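Quick note: numbers below take in every heavy atom, side chains included, and nothing from hydrogens, waters or symmetry partners. Whatever order the structure lists ligands and atoms in, that order sets their numbers, starting from 1. Because the structure is predicted, anything quoted here is derived from the model rather than measured.
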Amino acid sequence: MAFFESILVTGGAGFIGSNFVRRVFKRHRRCRITILDALTYAGNLENLASLLDDERVTFVKGSITDPQVVRTATQGCEAVFNFAAETHVDRSIAEAGTFIQTDVFGTYTLLRVASEVGVKRFVQISTDEVYGSSHGEDFTEATPLTPGNPYSASKSGGDLMCQAFFNTFETPVVITRSSNNFGPYQHVEKFIPLFITNAIEGKDLPLYGDGLHKRDWIYVEDNCSALELIGMRGVTGDVYNIGAGKSQTNLSVAEKILEILRPARSRIVFIEDRKGHDRAYEMDSSKLHKLGWKTEFAFDEALEKTVAWYKDNEEWWRRVKSGAFRDYYEQHYGDRLRKGKAHDV
Ligand code: NAD
Ligand code: TYD
């Protein structure tokens, strides 16, 4: 089955969206890509460098909450891939209003316009976090939604709206729920890039709680190949989990980062835990495997690639880490790090 001839990618200037755009651009030479992105603190046109000059790519700056902007951007697009979201759990704990605006109302606005325009496919990029914390059993697509923080509650709201539009208006929706991604161009506020760049800078690595929370890390390229496949072949109205199938503790990931960057001067410091911190995300992706997908990248090898990318792209992340991020870092981590306890190795 051929890929679409024209797609709208919302949030395409962010981490996963920009990796997805790059993949589609390379692999589907006839596909025209419109990117709609509000360029919040998390959006960065440098993530799309070189692509923006190509006539197959159109960039529109605007919010998915604005129906007029969305209508213009969606015209002529066969499919919508909705990556646009507020995405950082810690920020949602500090202030949830923008999460509700973008992740719920923005998704609703996109759905409404996509239904009017009559797109062939609406891919909602969601997260395993909507299932809440796992307790020894892997999440399947039938696991009830029990989100544990304002970010995952907002994403759940977006997912439910997608299901409601499918049920009510037959909007051709498919929902994807992936586990934690890592790889090039991920914002430094997130765990793996923060720890890699702090270690390069010789700063402490702030690990929440006892560090034994588990995540099923997936390399971004593997998530993007799944999204491409589900976009083409997923059953309309269905949900697909996307996970690498092996979860590990944050402490173990932090130790691996230090090992790769040896001899790093940084210490792992246990700090006050995140409020409402989900203990574990563990995923069953067998439904997606039946569509013919598998991961290409093993975690350790992909982590080495990711560390190498951050070492080679210091200018990119030093710019992201300067300015407003410095204030955020001091406000969020300053006291916690001062009161933290270094990990004995
Ligand atoms: P990101 O924070 O790096 O990027 C989000 C992008 O959305 C940014 O470019 C930002 O400018 C844009 N955006 C924010 N609000 C907008 C609005 N109102 N209108 C238009 N654009 C807006 O996020 P990411 O990590 O690339 O995540 C992308 C999607 O994947 C999100 O929907 C997220 O919930 C989902 N997801 C992420 C992960 C992960 O590990 N990163 C895992 C599972 C699911
Ligand atoms: P994060 O990258 O924020 O993703 P999510 O909360 O969506 O899973 O965090 C991944 C894990 O790392 C999570 O268990 C929280 C933990 N973490 C830390 O221990 N320290 C940090 O500074 C950050 C940002 C996260």
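- Between F15 and ligand 1, at least one N/O pair is under 3.5 Å apart.
- For the pair R30 and F3, the cation does not sit on the ring face, since its NZ or CZ is not both under 6.0 Å from the ring centre and inside 45° of the axis.
- Looking only at side-chain heavy atoms (C-beta outward), K256 and V307 stay at 4.5 Å or farther from each other.
- Taking the six-membered ring for Trp and thresholds of 30 and 60 degrees, F81 and F83 have nearly parallel ring planes, at less than 30 degrees apart.
- A salt bridge links E116 with R71: at least one charged nitrogen is closer than 4.0 Å to a carboxylate oxygen.
- Of the candidates F182, F81, F20, F83, the one placing a heavy atom closest to atom 29 (C) of ligand 1 is F83.
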*asked:* Let's go through T109 and I64 carefully: what are the C-alpha distance in whole Å and the side-chain angles of both, what is the deciding distance for side chain to side chain contact (heavy atoms under 4.5 Å, CB included) to 0.1 Å, and is it a yes or a no?
replied: CA-CA 7 Å; T109 306; I64 60 165; 5.9 Å; no

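- Looking at G158, G11, G183 and measuring to atom 6 (C) of ligand 1, the nearest heavy atom belongs to G11.
- For atom 14 (O) of ligand 2, the choice among H213, H277, R279, H332 with the nearest heavy atom turns out to be H277.
- At least one heavy atom of Y333 sits closer than 4.0 Å to an atom of ligand 2.
- Polar contact check, S63 against ligand 1: a nitrogen or oxygen pair lies under 3.5 Å apart.
- Closest to atom 4 (O) of ligand 2, if we only count protein heavy atoms, is N180 ND2, 3.2 Å.
- Summary of contacts: the protein heavy atom closest to atom 42 (C) of ligand 1 is S179 O, 3.4 Å.
- Distances below 4.0 Å separate heavy atoms of Y151 from the following atoms of ligand 1: 33 (C), 34 (O).
- Nearest non-hydrogen protein atom to atom 5 (C) of ligand 1 is A85 O, 3.5 Å.
- In terms of protein heavy atoms, atom 30 (O) of ligand 1 is closest to I125 CG2, 3.5 Å.
- In summary, the aromatic rings of W317 and W309 are positioned with their centroids too far apart to meet the 6.0 Å limit.
- Interface atoms of ligand 2 facing L194, defined by a heavy-atom separation under 4.0 Å, are 22 (O).
- Within the listing of ligand 1, atoms 8 (C), 9 (O), 10 (C), 11 (O) sit less than 4.0 angstrom from a heavy atom of G43.
- Annotation: cation-pi pair R56/F25 present, NZ/CZ under 6.0 Å from the ring centroid and within 45° of its normal.
- Annotation: side chain of F182 is not in contact with side chain of F191 (no heavy-atom distance under 4.5 Å).
- Contact between K155 and ligand 1 is present, with at least one heavy atom of the residue lying under 4.0 Å from the ligand.
- Annotation: side chain of V9 is not in contact with side chain of T34 (no heavy-atom distance under 4.5 Å).
- Ionic pairing of E228 and R23 is present here: one or more N-O contacts between side-chain nitrogen and carboxylate oxygen are shorter than 4.0 angstrom.
- Those atoms of ligand 1 with a heavy atom of G62 less than 4.0 angstrom away are 19 (N), 20 (C).
- Taking only non-hydrogen atoms, the option from F270, Y208, Y329 nearest to atom 25 (C) of ligand 2 is Y208.
- Of all atoms in ligand 1, listed by their number and element, those nearer than 4.0 Å to a heavy atom of T127 are 43 (C), 44 (C).
- Ligand 2 has a nitrogen or oxygen under 3.5 angstrom from a nitrogen or oxygen of P206.
- K214 does not count as a contact of ligand 2, since none of its heavy atoms falls under 4.0 Å from the ligand.
- Taking each of N82, N47, I16 in turn, the one with a heavy atom nearest to atom 37 (C) of ligand 1 proves to be I16.
- An N or O contact shorter than 3.5 Å is missing between Y151 and ligand 2 by distance.
- The cationic group of K287 lies under 6.0 Å from the six-membered ring centre of Y240 and within 45° of the ring axis, placing it in a cation-pi geometry.
- The protein heavy atom nearest to atom 9 (O) of ligand 2 is F191 CB, 3.7 Å.
- With hydrogens left out, the protein atom closest to atom 20 (C) of ligand 1 is A38 N, 3.3 Å, a heavy atom.
- When the heavy atoms of D103, I242, T87 are ranked by distance to atom 23 (O) of ligand 1, first place goes to T87.
- No side-chain heavy atom of S63 sits less than 4.5 Å from a side-chain heavy atom of V69.
- Close contacts of ligand 1 with A42, meaning ligand atoms under 4.0 Å from a residue heavy atom, involve 2 (O), 8 (C).
- Heavy-atom proximity to E189, at under 4.0 Å, picks out these atoms of ligand 2: 24 (C).
- Nearest non-hydrogen protein atom to atom 3 (O) of ligand 2 is R274 NH2, 3.0 Å.
- Residue, atom and distance of the protein heavy atom nearest to atom 11 (O) of ligand 1 are D37 OD1, 2.6 Å.
- Each of the atoms 7 (O), 20 (C), 21 (N), 22 (C) of ligand 1 lies under 4.0 Å from some heavy atom of A84.
- Evaluated for a side-chain hydrogen bond (donor to acceptor under 3.5 Å, both in side chains) with S247, the options H213, K214, E282 yield exactly one hit, E282.
- The ligand atoms of ligand 1 that sit less than 4.0 angstrom from a heavy atom of L39 are 11 (O).
- Protein heavy atom in closest approach to atom 4 (O) of ligand 1: G14 CA, 3.4 Å.
- In this structure, S178 is part of the shell of residues with a heavy atom less than 4.0 angstrom from ligand 1.
- For T40, a nitrogen or oxygen atom sits less than 3.5 Å from a nitrogen or oxygen atom of ligand 1, counting backbone and side chain alike.
- Note on ring orientation: taking the six-membered ring where Trp is involved, the planes of Y328 and Y333 are perpendicular (angle over 60°, cut-offs 30° and 60°).
- Every atom of ligand 2 with a heavy atom of H88 under 4.0 Å away is listed here by number and element: 3 (O).
- Using a 30° and 60° split on the angle between ring planes, Y329 and F325 fall in the tilted class, from 30° to 60°.
- Residue, atom and distance of the protein heavy atom nearest to atom 40 (O) of ligand 1 are N181 N, 2.8 Å.
- Short contacts between ligand 2 and L207, defined as distances under 4.0 Å to a heavy atom of the residue, involve ligand atoms 19 (O).
- Among protein heavy atoms, atom 7 (O) of ligand 2 sits closest to E129 OE2, 2.4 Å.
- Under the 4.0 Å criterion applied to side-chain N and carboxylate O atoms, E330 and R338 are assigned as salt-bridge partners.
- A tilted orientation is assigned to the rings of F139 and Y281, their planes being inclined by 30° to 60°.
- In the vicinity of V89, heavy-atom distances shorter than 4.0 Å reach the ligand 2 atoms 6 (O), 7 (O).
- For atom 16 (C) of ligand 2, the nearest non-hydrogen atom of the protein is N250 ND2, 3.5 Å.
- The shortest contact between atom 44 (C) of ligand 1 and any protein heavy atom is with S126 O, 3.1 Å.
- Of all the atoms in ligand 1, the ones that sit under 4.0 Å from a non-hydrogen atom of N180 are 40 (O).
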